[in-house]
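A short worksheet on the structure shown next.
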Amino acid sequence: MKDFYFEIKHICKQTGARYGLLHTPHGDVEVPMFMPVGTLATVKSLSPEELKECGSGVILSNTYHLSLRPGADIVDKAGGLHKFMNYDRPILTDSGGFQVFSLADKRKITEEGVTFKNHLNGAKLFFSPEIAIGIQEKLGADIIMSLDECAPYPATYDYMKNSVERTLRWAKRGKDAHKREDQALFGIVQGGEFSDLRKYCAEELVKMDFPGYSIGGTSIGEPKNVMFKMIADTTPYLPIEKPRYLMGVGSVDAILYGIEKGVDMFDCVLPTRIARHGALMTSNGRVNIRDQKYAEDFTPLDPECDCYCCKNYTKAYLRHLYKCDEIFGKRLLSIHNIRFLIHMMEEAREAIKNDRFGDFKKEFLAKFNSERGF
RNA sequence: GGAGGAAUAGCGAAGUGGCCAAACGCAGCUGACUGUAAAUCAGUUCCUUCGGGUUCGGUGGUUCAAAUCCGCCUUCCUCCA
């Protein structure tokens with residue numbers, strides 16, 4: 001694996017949380033980290049410059065969506081995803097496995113792969129582990145994902161067992177098909193809420209020796225305690241020296257829990273989506289900017305935040321933009337929520353280095369009051 | 001002074017005899033959103049002990065039944081003098 005390796009720099013003595021460095025062809029990033037999601041080769045409403053100002057490292061993009069529009073060949077001709085979207089830091093592409101789940105009523109899964117009715121015009125589309133890898137090689141992200149089946153929750157044990165077996169076979173096929181030396185292909189642990197299947201899936205993937213491992217099948221409608229259990233049931237079976245990525249998790253309490261359990265990478269649409277819907281994460285908890293009580297509130301969204309939005313604008317202005325459905329409002333709020341999570345990660349890393357992540361988590365959650373939404 | 005027209009819930013605006021506690025939009029309030037088919041979606045905004053009760057400028061009528069028809073009053077708009 002050219003240019004890609006992972007270094008653990010410190011393990012928190014209080015919790016086992018990890019501080020590390022992920023080296024990629026597009027630079028090094030510190031973990032634990034939060035990765036903003038830019039499904040269609042753009043983090044909705046934000047420029048790469050704004051993302052970097054938020055402190056972004058890796059960002060995500062999506063194989064399924066980009067293969068439909070503009071098509072992998074066009075991204076390839078553009079010189080790859082980094083050039084195409086003008087982002088020179090690391091990029092991770094998801095395999096499309098999640099779309100198999102989220103567009104579930106329009107697909108059929110077989111051993112060979114998945115047949116989709118694509119969501120744009122209903123045209124039939126076939127995805128296999130090899131095809132997903134082929135597309136991702138053209139897109140050219142630094143970190144890519146195996147095609148997996150994100151089985152629904154709840155699922156029966158038998159369904160999940162079969163699904164895990166197939167995901168493992170698909171992982172092997174994808175790994176065999178993957179040729180690019182400058183990309184790290186991660187395997188994805190499934191198994192739902194079943195401890196033994198999580199363990200089995202993790203151990204089998206580890207035998208295949210991937211450069212990193214993802215925890216999938218979370219945040220798909222299961223209760224929080226079940227999600228936490230899924231995480232706790234997986235990380236013990238992953239090798240210490242490889243990066244671990246918890247897919248699709250972006251609520252504050254779940255991220256902090258994941259870090260405590262030894263997860264290094266998180267991604268989620270949550271901060272950007274809820275920002276567009278007027279919900280903001282602040283150090284004192286949730287703020288609904290649409291509330292009339294902010295109409296004459298000329299203070300920043302979060303006085304403790306150092307983002308462009310909080311440094312320059314008031315809640316009254318943000319509410320005004322939101323109520324008028326102005327694009328700039330969505331941008332400012334997205335900047336804030338992304339910066340909030342990235343800043344939380346910066347603080348988490350400091351806490352890990354100082355062997356006090358457990359204290360940090362407790363203090364942060366007490367103030368954030370995560371019972372009130374996300 | 002004369003001739004027309006209009007008054008509907010916080011605002012705008014449908015409704016012209018029973019299916020109207022009254023469409024719809026805005027505004028307000030709740031909630032949802034987690035590997036993005038999401039600048040989206042759902043609920044809610046007269047009172048209620050959930051049986052019902054009081055509403056459509058005011059008032060008096062007609063009718064089994066009125067936001068809807070008639071009289072008078074008030075306010076506003078347009079045109080003519």
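Letters A, B, ... mirror the listed sequences (proteins, then strands); counts begin at 1. No hydrogens, no waters, no symmetry mates; every other heavy atom, side chains included, goes into these values.
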Nearest-neighbour nucleotide for the R319(A) side chain, rU36(B), rC29(B), rA32(B) considered: rC29(B)
rU45(B) and rG10(B): how far apart are their C1' atoms, nearest whole angstrom? 10 Å
If the threshold is 4.0 Å, N to carboxylate O, is there a salt bridge linking D176(A) and K172(A)? yes
Interatomic distance where NE2 belongs to H320(A) and P belongs to rG28(B) [whole Å]: 13 Å
Closer than 4.0 Å, any side-chain N/O of Q99(A) to the OP1 or OP2 of rU36(B)? yes
Heavy-atom count around K362(A) NZ within 6.0 Å, excluding the residue itself: above 12? no
Looking only at atom P, what distance separates rC33(B) and rG17(B), rounded to whole Å? 48 Å
Rounded P spacing from rG25(B) to rC69(B) in Å: 27 Å
Between N337(A) (CG) and rC33(B) (C1'), how many Å, whole number? 12 Å
Whole-Å gap separating C1' (rA32(B)) and NZ (K224(A)): 13 Å
Would you mind pulling out the nucleotide paired to rC41(B), Watson-Crick or G-U wobble, both distances under 3.5 Å? rG31(B)
In whole Å, what separates the P atom of rU68(B) from that of rA6(B)? 14 Å
Tell me yes or no: between the side chains of D3(A) and H26(A), is some donor less than 3.5 Å from an acceptor? no
Would you please confirm or rule out a distance under 4.0 Å between OP1 or OP2 of rC41(B) and any side-chain N or O of R276(A)? no
Could you measure between the two P atoms, the one in rG53(B) and the one in rA21(B), and give it in whole Å? 11 Å
Assign the ring pair F4(A) / F186(A) to parallel, tilted or perpendicular, where the plane angle (0 to 90°) is split at 30° and 60°. perpendicular
What does Q190(A) touch in the nucleic acid at a heavy-atom separation under 4.0 angstrom: a base, only the sugar-phosphate, or nothing? base
Using the C1' atom as the reference point in each nucleotide, state the distance between rA22(B) and rA14(B) in Å, no decimals. 10 Å
Taking atom types as they are modelled, is there a donor-acceptor pair under 3.5 Å from the base of rU36(B) to the side chain of T272(A)? yes
Taking the side chain of M247(A) as its heavy atoms from C-beta onward, which of rU36(B), rG35(B), rA39(B) lies nearest to it? rG35(B)
Of the options rA39(B), rG35(B), rU30(B), whose atoms approach the side-chain atoms of H277(A) most closely? rA39(B)
Kindly indicate, with the supporting measurements, whether the criterion side chain to side chain contact (heavy atoms under 4.5 Å, CB included) is fulfilled by L205(A) and V189(A). CA-CA 8 Å; L205(A) 285 173; V189(A) 180; 3.7 Å; yes
Between D148(A) and R290(A), which is nearer to the 5' end of RNA chain B once each is assigned its nearest nucleotide? R290(A)
Specify the separation, in whole Å, of atom CZ of F98(A) and atom P of rA38(B). 12 Å
With the side chain defined as heavy atoms from C-beta on, L270(A) is closest, among rC33(B), rG31(B), rC29(B), to rC33(B)
Could you tell me whether a side-chain N or O of D297(A) sits under 3.5 Å from a main-chain N or O of T299(A), the two making a donor and an acceptor? yes
Answer with base, sugar-phosphate or nothing: what part of the nucleic acid does G122(A) contact at a heavy-atom distance below 4.0 Å? nothing
Checking rU36(B), rG35(B), rA32(B) against the side chain of R286(A) (C-beta onward), the nearest is rA32(B)
Whole angstroms only, please: what is the CG-P distance between D291(A) and rU30(B)? 5 Å
With nearest nucleotide decided by heavy atoms, which residue, Q292(A) or G217(A), maps closer to the 5′ end of RNA chain B? Q292(A)
Please state whether the phosphate of rC29(B), meaning OP1 or OP2, lies under 4.0 angstrom from any side-chain nitrogen or oxygen of N288(A). no
Using the C1' atom as the point on both nucleotides, what is the distance between rA67(B) and rU16(B), in whole Å? 9 Å
How close or far is atom P of rU40(B) from atom NZ of K44(A), stated in whole angstroms? 12 Å
Flag if over 12 foreign heavy atoms under 6.0 Å of NZ, K117(A): no
Watson-Crick or G-U counterpart of rC72(B), or none if no pair lies under 3.5 Å: rG58(B)
Under 4.0 Å, counting only non-hydrogen atoms across every strand here, what does S45(A) touch: a base, just sugar-phosphate, or nothing? nothing
Nearest-angstrom distance from the residue atom CE of M145(A) to P of rU36(B): 11 Å
Rounded to whole angstrom, note down the C1' distance from rU62(B) over to rG71(B). 11 Å
Quickly work out the L120(A) CG to rA38(B) P distance and round it to whole Å. 9 Å
Taking E149(A)'s backbone N and O only, do any of them form a donor-acceptor pair with T167(A)'s side chain (distance below 3.5 Å, no angle check)? yes
Tell me what L246(A) touches on the nucleic acid: a base, only sugar-phosphate, or nothing, going by heavy atoms under 4.0 Å. nothing
I want to verify a distance call: between rC33(B), rU36(B), rG35(B), whose nearest atom is closest to the N62(A) side chain? rU36(B)
